[in-house]
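We name chains A, B, ... by the order of the sequence lines, and we start the count at 1 in each one. The analysis underlying the following values was restricted to heavy atoms, covering all of them including side chains, and did not include hydrogens, waters or symmetry mates. From a predicted model like this one, the values you see are computed outputs, not experimental measurements.
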Number of protein chains: 4
Amino acid sequence: MSPTKQKLLSTASKTFSKYGFYKTSMDEIAKSARKAKGSLYYHFNSKELLFREVVLSELTFLKEELTLIFENHDADSREIIRAYMIKRMEVMNISINYQETLRPEFYEFYEFLNDVILEMDQWEKQQITEILNRGVVKEELDLPGNIEVYAEMLLIFLKGLETPLFLKGQYERLISNFDNLIGILTKGISKV
Amino acid sequence: MSPTKQKLLSTASKTFSKYGFYKTSMDEIAKSARKAKGSLYYHFNSKELLFREVVLSELTFLKEELTLIFENHDADSREIIRAYMIKRMEVMNISINYQETLRPEFYEFYEFLNDVILEMDQWEKQQITEILNRGVVKEELDLPGNIEVYAEMLLIFLKGLETPLFLKGQYERLISNFDNLIGILTKGISKV
Amino acid sequence: MSPTKQKLLSTASKTFSKYGFYKTSMDEIAKSARKAKGSLYYHFNSKELLFREVVLSELTFLKEELTLIFENHDADSREIIRAYMIKRMEVMNISINYQETLRPEFYEFYEFLNDVILEMDQWEKQQITEILNRGVVKEELDLPGNIEVYAEMLLIFLKGLETPLFLKGQYERLISNFDNLIGILTKGISKV
Amino acid sequence: MSPTKQKLLSTASKTFSKYGFYKTSMDEIAKSARKAKGSLYYHFNSKELLFREVVLSELTFLKEELTLIFENHDADSREIIRAYMIKRMEVMNISINYQETLRPEFYEFYEFLNDVILEMDQWEKQQITEILNRGVVKEELDLPGNIEVYAEMLLIFLKGLETPLFLKGQYERLISNFDNLIGILTKGISKV
DNA sequence: GATGAATGAGTTTTCATTCAT
DNA sequence: TATGAATGAAAACTCATTCAT
């Protein structure tokens with residue numbers, strides 16, 4: 001990737017995450033990057049496609065980080081879940097643009113993003129399902145019924161941690177009590 | 001409230017919840033309501049203040065509904081928590097505009113909304129803290145340490161249910177397995 | 001005149017003189033007067049006609065004040081001119097709306113004002129011509145050629161004192177040196 | 001300066017001088033120039049800044065013209081004053097936008113113009129003070145007291161010639177008698 | 001007389017996109 | 001590749017005026 005494209009992409013990422021998709025203008029991105037607006041369109045065709053690339057790069061990073069956790073096959077599944085949750089929160093705290101894609105208006109108007117997000121959602125669900133399965137097999141967890149549903153529930157719960165109220169300003173205060181919450185959850189799914 | 005104002009407010013609520021704050025134009029609201037754009041500004045001074053009133057009316061409704069749950073003092077606290085969570089999800093499913101206020105750009109730009117939202121957050125935290133307290137006193141719950149922290153955690157979890165991914169389209173599918181999730185949580189905080 | 005009309009007129013005068021015709025809205029006048037906007041239209045049909053009445057009341061006051069000066073037939077004509085100039089400046093300092101009517105855009109668009117202003121201009125020219133005539137007859141002034149032209153020139157000069165730069169803020173400082181200027185002028189037209 | 005910018009600026013100047021700042025819309029300027037409204041904003045950010053540039057260009061021209069007069073050091077100071085006054089009137093007759101800046105509302109609302117105008121005022125005062133000083137030294141003029149005050153008074157007088165009543169339509173008629181007026185003034189300040 | 005809700009045409013401004021260089 | 005001038009559609013907002021009560 002050319003230095004100009006690189007610069008534009010990283011500037012776009014920062015600006016989008018600060019003001020959101022709609023409140024960010026192409027002009028502002030170009031100015032912040034000290035590049036011409038035309039260059040933005042040369043490298044990324046449209047605002048939407050630029051945003052898509054920004055989100056993609058965030059998700060790529062998120063996947064990489066989470067994969068490191070999942071690969072640790074030997075650890076107690078409860079411990080893996082715990083590590084996964086903490087890592088996810090950490091990365092999410094800086095994956096603000098991905099979060100924005102969860103807004104309703106993105107669903108109404110931009111099919112060009114659904115594929116990226118759905119793929120990520122499915123990937124995550126798959127990974128967690130696998131861990132839960134391992135935990136059940138190793139008799140560390142007690143999950144009657146469909147395990148996929150538990151995975152979905154965990155994801156829903158984790159998405160709660162993405163809310164700005166939490167991420168903005170309160171992150172530091174709450175992270176310290178995070179173990180408590182995880183304790184409740186793991187106790188809730190543990191074999192007695 | 002005059003019929004015109006009423007009509008404008010309800011139309012605004014619907015339109016905002018469909019397209020989000022930024023993708024909704026004042027023109028569109030006025031046209032949908034078959035009223036003049038000037039009337040919008042006569043009754044609500046600005047787009048932001050109009051949105052504020054929309055959110056306020058949603059929160060007012062949410063509070064009323066939740067208050068009914070909280071007032072049932074005799075029930076088992078786990079049962080109240082369960083009823084609370086379900087009711088909250090139901091109402092949230094139609095309080096789409098309030099959800100939008102949780103977006104980062106609203107935090108950056110609009111102080112005019114923070115007061116409303118913070119007040120709601122505090123109110124909810126207070127209510128849940130009280131229920132948890134009651135549960136501990138009645139020896140139904142096991143919550144070592146600061147109870148307020150558990151209340152906050154529960155709220156964070158509930159906010160997870162507000163994510164559009166869940167609310168849009170998947171609500172019906174997931175609500176049926178919701179009891180499972182609540183089961184995990186209540187098991188997690190129950191006295192053995 | 002009813003108290004409501006009176007109140008609206010005086011408020012309109014103040015507001016127009018502060019912000020000018022275009023920057024003043026009917027809404028602002030009504031609000032400042034703590035009256036309904038409809039009342040403005042009940043008493044004065046349109047913004048233009050309201051402004052006309054404001055200007056008229058200023059000119060009426062100006063005429064009354066200047067007439068007092070002109071009627072002193074016995075004094076030295078140079079003294080009358082001096083007194084006239086000072087009084088005119090004093091009154092003009094508070095006749096800001098009349099001044100605005102001298103702007104080009106008022107000439108282009110509002111015939112409804114020309115009559116009022118032309119009448120005032122002619123009245124003033126007439127008065128000054130008469131004084132100059134008296135001065136020439138009493139051999140106090142030396143004005144070769146057409147006396148009306150001198151009257152017009154004096155008026156042009158006096159209009160110079162109407163410029164905001166002078167009226168705004170510098171009025172107090174310059175008024176103290178005003179006698180100097182009048183000295184030059186009267187020396188310029190005096191018989192040696 | 002690009003041809004488009006040039007065209008927009010000159011069109012803006014003409015339109016503003018015809019209808020005044022408030023009665024001129026950006027739309028009208030763009031249409032008259034047969035350019036897109038967006039181009040107006042590309043080159044001049046806002047209506048106020050566009051107007052500022054229009055005024056600036058007028059004042060630049062005024063300064064250039066007057067400087068030519070001032071530089072004639074050998075002539076009789078009374079003759080220079082006379083030439084200065086006539087030239088100023090001529091240029092002012094086409095510097096209609098600068099005149100508008102003297103309106104009260106411009107002082108209340110737009111600090112963005114004060115610097116330009118104050119600078120011009122001070123420049124003019126300085127030039128005239130210098131001429132008067134030369135005249136006193138050469139014993140052509142009789143100016144007891146502070147000479148700066150005379151300079152200010154002359155400027156006030158000259159501003160009187162800026163009034164639209166004079167400039168609009170009556171310019172031609174009055175200019176022919178202008179010498180008379182200047183005669184009064186120069187006689188008033190001449191050494192006998 | 002007095003009110004204030006309702007209107008709609010008009011205003012300034014923003015901004016994604018195109019294109020000649 | 002990279003630029004920045006130019007565009008025009010659309011946005012938020014203003015405001016004189018009307019009118020039923």
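- When the nucleotides F/dT1, E/dT11, E/dC15 are ranked by their closest atom to the side chain of A/S25, E/dC15 comes out on top.
- Per the geometry, NZ belonging to A/K47 stands 15 Å off P belonging to E/dT18, to the nearest Å.
- Residue B/T4 is in sugar-phosphate contact alone, with no base atom involved, counting any heavy-atom pair closer than 4.0 Å across all strands shown.
- Looking at which nucleotide of DNA chain F each of A/K5 and B/Y41 is closest to, the 5′-most match is held by A/K5.
- E/dT7 is paired with F/dA16 under the criterion used here, namely a Watson-Crick or G-U wobble arrangement in which both key atom distances are under 3.5 Å.
- Ranked by how close their nearest DNA chain E nucleotide is to the 5' end, D/T24 and C/P3 are led by C/P3.
- Taking atom CG on D/D27 and atom C1' on F/dG8, their separation rounds to 11 Å, with Å as the unit.
- Within the cation-pi definition used here (under 6.0 Å to the ring centroid, within 45° of the axis), C/K5 qualifies as a partner of C/F44.
- In this structure, C/S39 reaches the bases: a heavy-atom distance under 4.0 Å links it to at least one base atom across the strands shown.
- When Watson-Crick and G-U wobble pairs are counted only if both distances are under 3.5 Å, F/dT21 pairs with E/dA2.
- As a whole-Å value, the separation of D/K23 NZ from F/dA16 P is 11 Å.
- Contact annotation: B/H43 does not reach the phosphate of E/dG4 (side-chain N/O to OP1 or OP2, under 4.0 Å).
- For the pair A/K35 and A/L40, the minimum side-chain heavy-atom distance is 4.5 Å or more.
- Atom-to-atom distance recorded for B/S2:OG and B/L9:CG is 10.5 Å, nearest 0.5 angstrom.
- In the set E/dG8, F/dA11, E/dT17, E/dG8 carries the atom at the smallest distance from any side-chain atom of B/A36.
- As judged by a 4.0 angstrom heavy-atom cut-off over every strand, D/S2 is placed among residues touching the sugar-phosphate backbone only.
- Between the side chain of B/K37 and the base of E/dT7, no donor-acceptor pair under 3.5 Å is found.
- Ring-plane geometry between A/F21 and A/F16 is classed as parallel, the angle between the planes falling under 30 degrees on a 0 to 90 degree scale with a further cut at 60.
- For the pair A/M26 CE and F/dT7 P, the interatomic distance rounds to 20 Å; values are reported in whole Å.
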